[in-house]
Amino acid sequence: MGKGSRNREVRIADQEAVTNGGMKLSKKQLIKQQEQKEKTKKIITMVATIAILVAVIVGVVVVSLNKTPKLEGNISATSEKYEIDNAMMAYFLYSQYNTFVNNNYYYLNAYGLNPSISLKYQNTPGSNTSWFTYFMNSAKVQVNELVAMASEAQAKGVSLDEKEVEEIDHYLSDMAASVKKDGYRNLDKYLAAVYTAGVTEGAVRKCLLLQELASKYYEQLLDTEEFTYTDEEMEKYVKDNPESFYKFDYVYYDFTPTFLKPGTTDDEKKAAIEDAKKKAEEFIAKVTDEASFKNLIVELEKAAEEEAKATDTTSAATGTGDEKEKTDEDYLKNFIKKGEAYKASTDFGKWAFDDERKTGDFDVIELTTTKKVDGKDVTEVTGYAVYFLTQAKYRDDYATKDVRHILFTKNTYGSDAAAKAKAEEILAEFNKGDKTAEAFGELAKKYTEDSNGDEGGLYENVLKDYMVTEFNDWMYNEKREVGDVEIVKTTYGYHIMYHVGDGEIAWKLSAESYLEQEDYEEYLKALEKTYPVTYDNAKLATIP
């Protein structure tokens with residue numbers, strides 16, 4: 001199974017902010033959270049994104065001190081093979097913080113986190129734990145993993161080669177030149193603003209070297225037999241964890257009474273529930289197929305709309321008279337669900353995922369809620385709903401796609417037209433040659449503005465809807481053939497696309513990812529016992 005794009009950050013994909021409610025998610029939870037868009041990425045805390053250094057930080061804690069404590073050389077974490085000082089620990093701590101702020105910017109007030117106040121003087125919600133301690137604990141988890149993996153890399157004779165070290169040095173040099181253009185006197189001043197005073201270029205370099213070595217060993221580890229799985233092992237994992245793989249499509253309509261009238265009695269509620277049940281049963285008795293199910297929904301929605309208009313005395317006065325007439329699709333859109341996840345905890349989920357269930361099945365399902373009464377769980381009926389399975393449970397059995405591309409942006413070429421012209425020029429150059437994937441890859445290494453230039457613009461095992469729409473639609477066009485080349489415009493610029501062919505089956509990528517992650521966690525747990533890190537909390541507390 002191809003693992004070439006294991007940790008690649010796909011720059012052109014639509015990335016969604018991850019809101020974790022203020023709590024650190026487990027690796028398995030992270031995988032589940034991003035399953036649809038990032039199944040091909042292996043989520044591990046060890047691989048920190050270097051790009052955070054050049055991102056626009058939306059919130060940075062600024063602490064004014066008469067005397068900033070010296071961070072470099074103040075060793076606060078030690079292990080058998082590594083010593084880590086406060087400057088490095090501050091880098092890891094504020095990397096955790098900056099990522100959290102970027103991902104949860106609009107929810108910071110709810111978390112009680114104010115970027116303009118020191119983390120030491122703010123507590124996490126409902127606790128006596130300061131945000132400084134919270135992010136320091138997250139940093140320790142990251143450092144424990146990095147040190148364990150890098151130490152084992154050394155023990156196994158794995159090291160960074162000259163080119164890998166040069167790449168980090170060139171990266172820092174380029175950054176230093178860039179921040180001067182932005183008004184910073186030097187890179188250290190920029191790092192102090194992004195992280196905290198005392199975080200220097202030298203400290204960041206040590207951190208990046210540590211991360212790179214740990215990442216390199218991780219990559220090699222996943223290519224060993226211990227982390228390679230047979231189809232039978234993956235099938236078993238799917239069977240044991242259906243909630244992570246199976247989904248279904250359906251249409252529904254609910255009959256749920258609302259009890260908004262003050263003083264509604266229990267008898268009135270009971271009568272309303274019985275009426276909802278009667279309406280649901282009358283509905284389902286008229287169903288013969290999917291079309292009839294949808295037609296009944298449209299009829300009910302139109303009737304409800306007419307009733308609302310009749311009782312709304314202001315509608316005639318406020319309406320413009322030129323509202324667009326609704327179509328059946330407009331009435332149905334809120335009741336059609338596709339790709340819904342396994343729901344083992346609900347009566348509907350149990351019904352939908354029954355082994356006997358098939359496409360075209362329909363039924364009335366009781367809706368319930370559970371609440372505490374005198375310390376005991378009491379289940380209460382809240383209404384009824386009708387369901388029609390338009391596709392019974394399934395998993396992603398489609399083949400993913402392998403594609404190469406070369407990206408040209410207006411930021412580089414000055415205008416949209418210039419970027420397009422450059423793309424056309426390079427496409428013409430490609431068409432004059434032997435038109436092979438390898439030849440395309442060489443052009444990608446030379447011209448692409450995406451982050452995978454070193455891989456010849458190659459993305460392997462790309463899932464449906466992972467890339468931006470135009471990119472995705474080109475790859476998954478059913479008429480697409482190996483060797484097809486074309487220019488595609490997206491919000492990122494112009495892409496010369498080269499279709500390499502089919503990749504792995506989608507569900508297998510997900511199963512492999514889960515298995516790797518679970519086995520890695522066990523491996524790491526043992527490794528961290530072999531290479532423990534000891535922290536000097538008194539020294540850590542002096543970090544601003």
Side-chain angles (χ1 to χ4, degrees), residues 242-243 245-312 315 323-371 373 377-395:
E243 72 281 356
F245 297 90
Y246 285 107
K247 58 185 74 171
F248 58 98
D249 303 341
Y250 65 94
V251 187
Y252 82 102
Y253 198 76
D254 65 276
F255 299 87
T256 306
T258 56
F259 307 110
L260 301 178
K261 182 181 177 182
T264 302
T265 66
D266 289 342
D267 286 343
E268 288 173 328
K269 290 181 180 180
K270 183 177 180 180
I273 292 291
E274 287 300 319
D275 183 57
K277 181 179 181 181
K278 180 182 177 181
K279 289 178 179 177
E281 290 174 341
E282 289 175 348
F283 181 105
I284 213 71
K286 300 176 183 178
V287 175
T288 56
D289 54 17
E290 182 180 347
S292 64
F293 193 98
K294 290 180 175 178
N295 287 338
L296 286 167
I297 293 176
V298 173
E299 289 176 13
L300 288 172
E301 284 297 289
K302 285 182 177 179
E305 189 173 75
E306 289 302 318
E307 182 180 353
K309 287 180 180 178
T311 58
D312 184 1
S315 60
E323 289 85 357
K324 182 181 178 181
E325 185 176 351
K326 284 186 177 180
T327 65
D328 287 356
E329 287 72 22
D330 292 328
Y331 287 108
L332 286 167
K333 62 183 179 181
N334 293 328
F335 304 103
I336 296 175
K337 303 294 180 181
K338 292 188 177 182
E340 291 295 298
Y342 180 87
K343 300 176 184 291
S345 61
T346 65
D347 289 338
F348 169 53
K350 294 172 184 175
W351 174 81
F353 278 90
D354 187 285
D355 289 338
E356 300 299 319
R357 198 64 53 226
K358 60 185 182 297
T359 298
D361 283 356
F362 52 89
D363 207 345
V364 176
I365 306 293
E366 192 175 70
L367 303 176
T368 62
T369 186
T370 301
K371 58 183 180 181
V373 177
D377 289 335
V378 176
T379 300
E380 182 181 86
V381 178
T382 58
Y384 291 83
V386 289
Y387 293 92
F388 189 103
L389 279 182
T390 53
Q391 186 169 349
K393 68 177 183 180
Y394 62 94
R395 64 189 183 189

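The figures here come from the full heavy-atom set of this structure, side chains too, leaving out hydrogens, waters and symmetry mates.
The six-membered or imidazole ring of Phe293 lies away from that of Phe362, with a centre-to-centre distance of 6.0 Å or more. Taking the six-membered ring for Trp, Tyr250 and Phe348 have ring centres closer than 6.0 Å.
Side chains of Thr359 and Leu389 form no contact here, defined as non-hydrogen atoms less than 4.5 Å apart. The shortest distance between side-chain heavy atoms of Tyr384 and Ile273 falls below 4.5 Å. Taking 4.5 Å as the limit, some side-chain heavy atom of Asp328 sits within range of a side-chain heavy atom of Lys302.
Using modelled atom types and a 3.5 Å distance limit, the side chains of Ser292 and Asp289 yield a donor-acceptor pair.
Here the straight-line distance linking atom CG of Leu300 with atom CZ of Phe335 works out to 9.0 Å at 0.5 Å rounding. In this structure, Asn295 CG and Leu332 CG are separated by 8.0 Å, a value rounded to the nearest 0.5 Å. For the atom pair CG (Asp377) and OG1 (Thr379), the distance works out to 7.0 Å, reported to the nearest 0.5 Å. Taken from OG1 in Thr368 to CG in Asp347, the straight-line distance is 5.0 Å, to the nearest 0.5 Å. With rounding to the nearest 0.5 angstrom, the CZ atom of Arg357 is 13.5 Å from the NZ atom of Lys350. The distance from the CZ atom of Phe353 to the OH atom of Tyr246 is 9.0 Å, given to the nearest 0.5 Å.
Ring geometry, Phe283 versus Phe255: the interplanar angle exceeds 60°, so the pair is classed perpendicular (tilted spans 30 to 60°).
Of the listed residues (Glu301, Glu305, Glu299), just one forms a side-chain hydrogen bond (donor to acceptor under 3.5 Å, both in side chains) with Tyr331, and that residue is Glu305. Tested against Lys393, the residues Asp355, Asp361, Asp354 include a single salt bridge (Lys or Arg N to Asp or Glu O under 4.0 Å) partner, Asp355.
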Evaluate Tyr394 against Lys247 for side chain to side chain contact (heavy atoms under 4.5 Å, CB included), listing each step before the verdict.
CA-CA 6 Å; Tyr394 62 94; Lys247 58 185 74 171; 3.3 Å; yes
Q.
Pair Thr390, Glu290 - check side chain to side chain contact (heavy atoms under 4.5 Å, CB included), show working.
A. CA-CA 7 Å; Thr390 53; Glu290 182 180 347; 3.5 Å; yes
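Here the shortest heavy-atom pairing between Gly383 and Pro257 reads CA-CD, 4.2 Å. Across every non-hydrogen atom of Asp249 and Lys338, the tightest pair is OD1-CA, 3.2 Å. Shown here for Asp330 and Glu325, the closest heavy-atom pair between the two residues is OD2-O, 4.4 Å.
For Asp275 (side chain) and Ala271 (main-chain N/O), no donor-acceptor pair under 3.5 Å exists by modelled atom type.
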